Amino acid sequence: MFLNPYTGPWTEDEVAHLNRRLGFGARPGEITTQTSAGMDAAVDALVDYADQDATLDALIASFPDDLSDLGQIKLRDTPARGRGWWVYRMVHSNQVFQEQFTLFLHDHFVSAVDKVNSGISQATTFGNDGSDPANQACGPGDL
């Protein structure tokens, strides 16, 4: 084992710290529940989660198909609505570590929506340096 197991006290302060580090803080009542459940159960509850938060996905799917605030979260057809959907997930998800880790990766592997939607046509047309091969002169030794 690379790390020694934590053997210190397991109080509400440690539970609150764990929830801030692995998520966005604890909801009311979670600190008391996780303190009494014990450290192993509290950590497992935060890091062992399903691939998808089915409860949250069903809630979002039940939103109206209109331009109300909740309807716009469901649409996510524009960058602004996509951000609203993501923030809603971060606030309401039962898988807070997954949302926290997604936010961490977003900060480290950034991209812009226009780059994501640009397709590959430019990558196949232009060289790695962005130059247009059609406008470059070729000499006899280049072939």
Side-chain angles (χ1 to χ4, degrees), residues 1-138 142-143:
M1 182 182 271
F2 295 111
L3 298 173
N4 294 328
Y6 177 74
T7 57
W10 186 245
T11 66
E12 290 187 353
D13 288 339
E14 283 77 30
V15 174
H17 178 75
L18 176 70
N19 279 276
R20 285 190 305 272
R21 300 302 269 165
L22 291 181
F24 302 103
R27 293 183 178 120
E30 285 181 333
I31 291 179
T32 304
T33 303
Q34 291 177 0
T35 303
S36 59
M39 180 178 53
D40 291 338
V43 171
D44 287 346
L46 289 169
V47 299
D48 292 339
Y49 50 82
D51 291 341
Q52 293 181 333
D53 189 344
T55 305
L56 181 59
D57 291 340
L59 175 65
I60 292 173
S62 73
F63 290 167
D65 293 318
D66 58 20
L67 294 179
S68 65
D69 289 344
L70 292 178
Q72 291 191 49
I73 289 170
K74 182 179 180 180
L75 286 174
R76 42 177 224 261
D77 58 348
T78 66
R81 290 178 181 154
R83 286 189 295 273
W85 169 80
W86 189 23
V87 169
Y88 189 88
R89 288 190 64 86
M90 284 190 276
V91 171
H92 297 283
S93 179
N94 292 317
Q95 301 175 175
V96 292
F97 178 60
Q98 181 182 38
E99 298 299 333
Q100 177 75 288
F101 193 59
T102 303
L103 180 62
F104 169 81
L105 292 175
H106 167 267
D107 186 46
H108 286 71
F109 301 106
V110 296
S111 186
V113 171
D114 58 333
K115 292 178 186 175
V116 173
N117 292 330
S118 68
I120 62 168
S121 61
Q122 185 174 1
T124 59
T125 304
F126 295 103
N128 290 338
D129 61 354
S131 62
D132 185 353
N135 291 332
Q136 294 181 2
C138 290
D142 292 338
L143 299 176

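Computed from a predicted structure; not experimentally measured. We count residues from 1, following the sequence as given.
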Peer 1: Atom CZ of Phe97 and atom CG of Leu22: how far apart are they, to the nearest 0.5 Å?
Peer 2: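 Here the interatomic distance stands at 5.5 Å.
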Peer 1: Does Tyr88 have any ring-ring contact (aromatic ring centres under 6.0 Å, His included) partners at least two apart in sequence or in another chain, and if so, which?
Peer 2: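 Only Phe63, His92 meet the ring-ring contact (aromatic ring centres under 6.0 Å, His included) criterion with Tyr88.
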Peer 1: Pairs of donor and acceptor atoms involving the side chains of residues 33-42, under 3.5 Å and at least two apart or interchain, shall be tabulated with distances.
Peer 2:
unit_1, atom_1, unit_2, atom_2, d
Thr33, OG1, Gly29, O, 2.9
Gln34, OE1, Asn19, ND2, 2.6
Thr35, OG1, Ile31, O, 2.6
Ser36, OG, Thr32, O, 3.2
Ser36, OG, Thr33, O, 3.1

Peer 1: Given side chains that start at C-beta, do those of Trp86 and Glu99 come closer than 4.5 Å, heavy atoms only?
Peer 2: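 Trp86 vs Glu99: side chains touch.
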Peer 1: Among residues at least two apart in sequence or on other chains, which ones pass side chain to side chain contact (heavy atoms under 4.5 Å, CB included) with Phe101?
Peer 2: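 Checked Phe101 against side chain to side chain contact (heavy atoms under 4.5 Å, CB included); matches are Phe104, Leu105.
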Peer 1: Just wondering, more than 12 heavy atoms not from Asp69 lying within 6.0 Å of its CG?
Peer 2: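 Count not over threshold, so no.
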Peer 1: Looking only at atom types and distance, does a side-chain atom of Gln72 sit under 3.5 Å from a main-chain N or O of Leu67, one as donor and one as acceptor?
Peer 2: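 Pair found, side chain donor or acceptor close to backbone of Leu67.
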Peer 1: Salt-bridged, Arg89 to Asp57, with N to O below 4.0 Å?
Peer 2: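 Result for this pair is yes, salt bridge flagged.
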Peer 1: Minimum heavy-atom separation for Phe24 and Val96, please, with both atom names.
Peer 2: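 That would be CE1-O, 4.2 Å.
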Peer 1: Looking only at heavy atoms, what is the nearest atom pair of Asp77 and Arg81, with distance?
Peer 2: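 Closest approach of Asp77 to Arg81: OD1-NH1, 2.7 Å.
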Peer 1: Can a donor-acceptor pair be found, under 3.5 Å and without considering hydrogens, that links the side chain of Glu30 to the backbone of Arg27?
Peer 2: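 Side chain of Glu30 to backbone of Arg27: a pair is present.
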Peer 1: Could you check whether any side-chain heavy atom of Asn94 comes within less than 4.5 Å of a side-chain heavy atom of Leu56, counting everything from C-beta outward?
Peer 2: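 Sidechains of Leu56 and Asn94: no contact.
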Peer 1: Under the side chain to side chain donor-acceptor pair (under 3.5 Å) rule, what pairs show up with a residue in residues 46-56, not counting sequence neighbours?
Peer 2: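 For residues 46-56, and leaving out neighbouring residues, the side chain to side chain donor-acceptor pair (under 3.5 Å) pairs sorted by first residue read Asp53-Ser93.
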Peer 1: Please enumerate all residues that pass side chain to side chain contact (heavy atoms under 4.5 Å, CB included) together with Arg20, with sequence neighbours excluded.
Peer 2: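 Scan of Arg20 (side chain to side chain contact (heavy atoms under 4.5 Å, CB included), adjacent residues dropped) gives Ala16, His17.
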Peer 1: Let me confirm one number: the CG-CG distance from Leu59 to Leu70, rounded to the nearest 0.5 Å.
Peer 2: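 If we round to the nearest 0.5 Å, Leu59:CG and Leu70:CG are 8.0 Å apart.
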Peer 1: Partners of Glu14 by side chain to side chain contact (heavy atoms under 4.5 Å, CB included), sequence neighbours excluded?
Peer 2: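 Tyr6, Pro9, Trp10, Thr11.
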